[in-house]
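Fair warning: this is a prediction, and the values are worked out from it, not measured in the lab. Just so it is clear: chains get the letters A, B, ... in the order the sequence lines come, proteins before strands, and each one is counted from 1.
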Amino acid sequence: MFEWSDEHLAIRDAIRSFVDNEVVPNIDALEHEGVPPYEVIRKMYRTFGMDEMARESFKRALERKIAGETGRPERRGGDNSAAMTLIPIIELCRHCPGIVTSMGVSTGLAGGTIMKGGTPEQMERWGLDLMTMDKIGAWAITEPDSGSDALGGMRTTARPDGDEWILNGSKTYITNGPYADTIVLYAKLDDGSEDDPRKREVLTFVLDKGMEGLVQSAPMRKMGLKSSPTGELFLSDVRVGVDRLLGGRKDPSRSKSEGRESAKENFVTERAGVAAMSLGVIEECLALSIDYAKSRVLWGKPIAQHQLIQLKLAKMEVARLNVQNLVFRHIEMSSAGKTPTLAEASAMKLYSAQAASEVAMEAVQLFGGNGYIAEYRVEQLARDAKVFQIYAGTDEIQITHIARDLLA
Amino acid sequence: MNVVVCVKQIPDPAAPQSLEPSTNTLDRSGKLILDDSDAYGVEMALQLVDKAGSGEVTLVSMAPNGEVAGLRTALAMGAAKAILVSDDALKGTDALGTAKVLAAAIKRTEFDLVLAATESSDGYTGTVPVQIAELLGLPSITFAKSVTIDGSTVKVDRQTEAGYDEVTAPLPAVVTVTAGVVEPRYPSFKGIMAAKSKPVDQVTAADLGFSAGDVGAAGSGQTIFAVADAEARSAGEIVVDEGDGAQRIVSFLEGLKVI
């Protein structure tokens, strides 16, 4: 794959038109007035039949789960599901990466975790509504004292009490946290043993908004990604039954690393998603920069005629081509039924996130004083792109995952 | 309820355009897209068929080089199939020739109603639909802002400068729709993927019974001798508010006799 197919372009054009009509006119409300992005996302799902596709996909996944099938479903040649997922991400990120973050966390992380690790009953109870965006999901792993060290340094505890667990602790930087209907929450087993707390078992629970002892904070103020609500969660003696333990009743045969694996399984998916997000930001910054360089006249000629401006544009184009090739590779692999290794996904995310951040900052520089003004849009994209180097694993964490694989 | 929709595939208005120097007609050799004004007819047709509970929407189009990109967009919206007339012999065909070709293509289908836009976004003659109606011997109603079917009759609210006329005609009929008739849907992802396997019957002028000289530049009754740039708009007047801005604007509008 070296270019988008006619069908891909048709999907792109349809989404682009939707973004122009439904997102762009509301960008100030989404970015600066605290309007949550969920209604726009739901409208997109209904408009393009993504909700119906999610229901069909859910039905197949449930049937596989009931039949005891594990692993990824067999894919047919020419499967377009990866492209159909990534193209909306790219197009939305040209204007509003925050929408994608809220959508991706709800369906990919919260919904995806339940679909992979949940029992059939849990899939039906929580998974379907998340996959269709009828309900909003949050995925709660990060804590005030542990970001990159989330699994080892986790302090939120799950204390067994008969057939139930009692959850205590807090989570922070939780996307959709303030509004989530369903929360996938990770907690350390606290069964009174003398084991090293860093090595204790991590359990995964599913919580509902409004449960006694659960408090969801108001949205936090952030540098960028303002259209994606981020918050804190506080758990004070939240009592949960086995029906909320992901995977159901604890069984001695189940691996003690299951909770950790559940968290790690999401890394590949979200890192590929960040590459697509980066491509959207890069494409838009490059397009805006070319237009501006051609129309902005200084010393009697367009700034595009100055070689230092040309250098910036050329570097942006190199980044665009490289990131697009990474996205194409991911689509091609997915179409062939293959999944990138964690190291490959990390390399893809590391390069793409840095490229997006650099391109967006260079776009601000190319625009000069106008680049610092919101009206010219590149400042928002620059603020938004910075988080690509931080969430879904910081640049530094990506490097460790790549190096670990190389040196194994 | 079977509805035929005449759709035009035009050069992308957002892309740079050029004229063919020998004919002064628009260069249509590049990729073409569905004329935005035709999306309303397609949507109206889909809604009428849906309401009737049976039947299908067929697209009819004439375009060079076997171009189907615009047709795929309308098929993705939900149309069932298309007839595309594409033939080098059609190059230079005028509005009446186009109507003859489209009418001949429409005759290959079973239809209750023919819909078209009031005019295309590139040629703007606005004459083809009524010419098709005349060639097919059917009644025509133009500028529909709403279309309903009542048994064997089509009821149309026809937009006028003063308001609208309520008009009816027996089916089959030809109706042109305005951009206000319905809001076109976005094609769903499934619709886009399904569109590539929907049938497009590509035919030539000869397949429709035309001989050389009937259509194309040779059969055209019109010649474009020259194309000139539209006269540039004169610069507006900038009113700097020095405390009397409102009064000056009122005086300006009074001068135009609009207030």
Side-chain angles (χ1 to χ4, degrees), chain A residues 3-23 40-57 59-60 75-92 103 107 131-133 287 290-291 294 331 335, chain B residues 7 9-16 30-40 42-43 46-47 50 59 61 63 65-80 82 84 86 121 179-180 182-200 202:
Chain A
E3 62 183 2
W4 297 111
S5 70
D6 286 344
E7 286 75 33
H8 294 152
L9 292 176
I11 290 172
R12 183 202 68 181
D13 292 346
I15 291 281
R16 191 170 286 183
S17 176
F18 177 87
V19 171
D20 286 344
N21 292 325
E22 304 292 341
V23 176
V40 171
I41 300 170
R42 288 181 179 128
K43 189 166 188 180
M44 184 178 78
Y45 264 58
R46 289 194 300 270
T47 298
F48 295 105
M50 295 162 78
D51 53 350
E52 193 51 43
M53 289 165 65
R55 280 186 203 97
E56 290 168 7
S57 171
K59 195 176 165 202
R60 291 193 297 272
R75 289 179 186 273
R76 297 182 302 276
D79 179 15
N80 262 304
S81 59
M84 280 195 266
T85 302
L86 296 181
I87 290 169
I89 289 175
I90 296 166
E91 289 305 312
L92 284 164
M103 181 174 73
T107 60
M131 302 312 285
T132 58
M133 286 298 300
I290 290 171
D291 283 349
K294 285 179 170 176
I331 291 172
S335 181
Chain B
V7 296
Q9 302 176 87
I10 64 171
D12 188 346
K31 186 180 177 185
L32 306 177
I33 65 168
L34 180 69
D35 187 340
D36 262 356
S37 64
D38 287 328
Y40 301 93
V42 174
E43 179 64 39
L46 292 169
Q47 290 189 18
D50 191 42
L59 311 169
S61 187
N65 307 323
E67 179 63 58
V68 294
L71 289 177
R72 295 287 177 212
T73 301
L75 290 168
M77 289 173 70
L84 171 66
S86 190
S121 303
V182 279
E183 188 60 33
R185 71 191 66 185
Y186 291 96
S188 70
F189 287 0
K190 271 191 165 181
I192 290 170
M193 301 314 292
K196 66 181 174 186
S197 56
K198 287 185 175 176
V200 176
Q202 187 171 328

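- Of all heavy-atom pairs spanning I192(B) and E7(A), the tightest one is CG2-O, 3.7 Å.
- Atom CG of D36(B) has 12 or fewer neighbouring heavy atoms from other residues, nucleotides or ligands inside a 6.0 Å radius.
- Shown here for G49(A) and S188(B), the closest heavy-atom pair between the two residues is N-CB, 4.3 Å.
- Atom CE of residue M193(B) and atom OG of residue S81(A) lie 10.0 Å apart, to the nearest 0.5 angstrom.
- Rounding to the nearest 0.5 Å places CG of L9(A) at 14.5 Å from CZ of R72(B).
- Interatomic distance, D12(B) CG to D13(A) CG, rounded to the nearest 0.5 Å: 8.5 Å.
- Of the atoms belonging to M84(A), heavy atoms from both backbone and side chain fall under 4.5 Å from chain B.
- Taking both residues in full, the closest heavy atoms of F48(A) and P187(B) are given as CD2-O, 3.3 Å, listed atom of the first, atom of the second, then distance.
- For the atom pair CD1 (I15(A)) and CZ (F189(B)), the distance works out to 3.5 Å, reported to the nearest 0.5 Å.
- The heavy-atom pair separating S17(A) from Y186(B) by the smallest distance is OG-CE2, 3.4 Å.
- Using a 4.5 Å cut-off between heavy atoms, I87(A) makes no contact with chain B at all.
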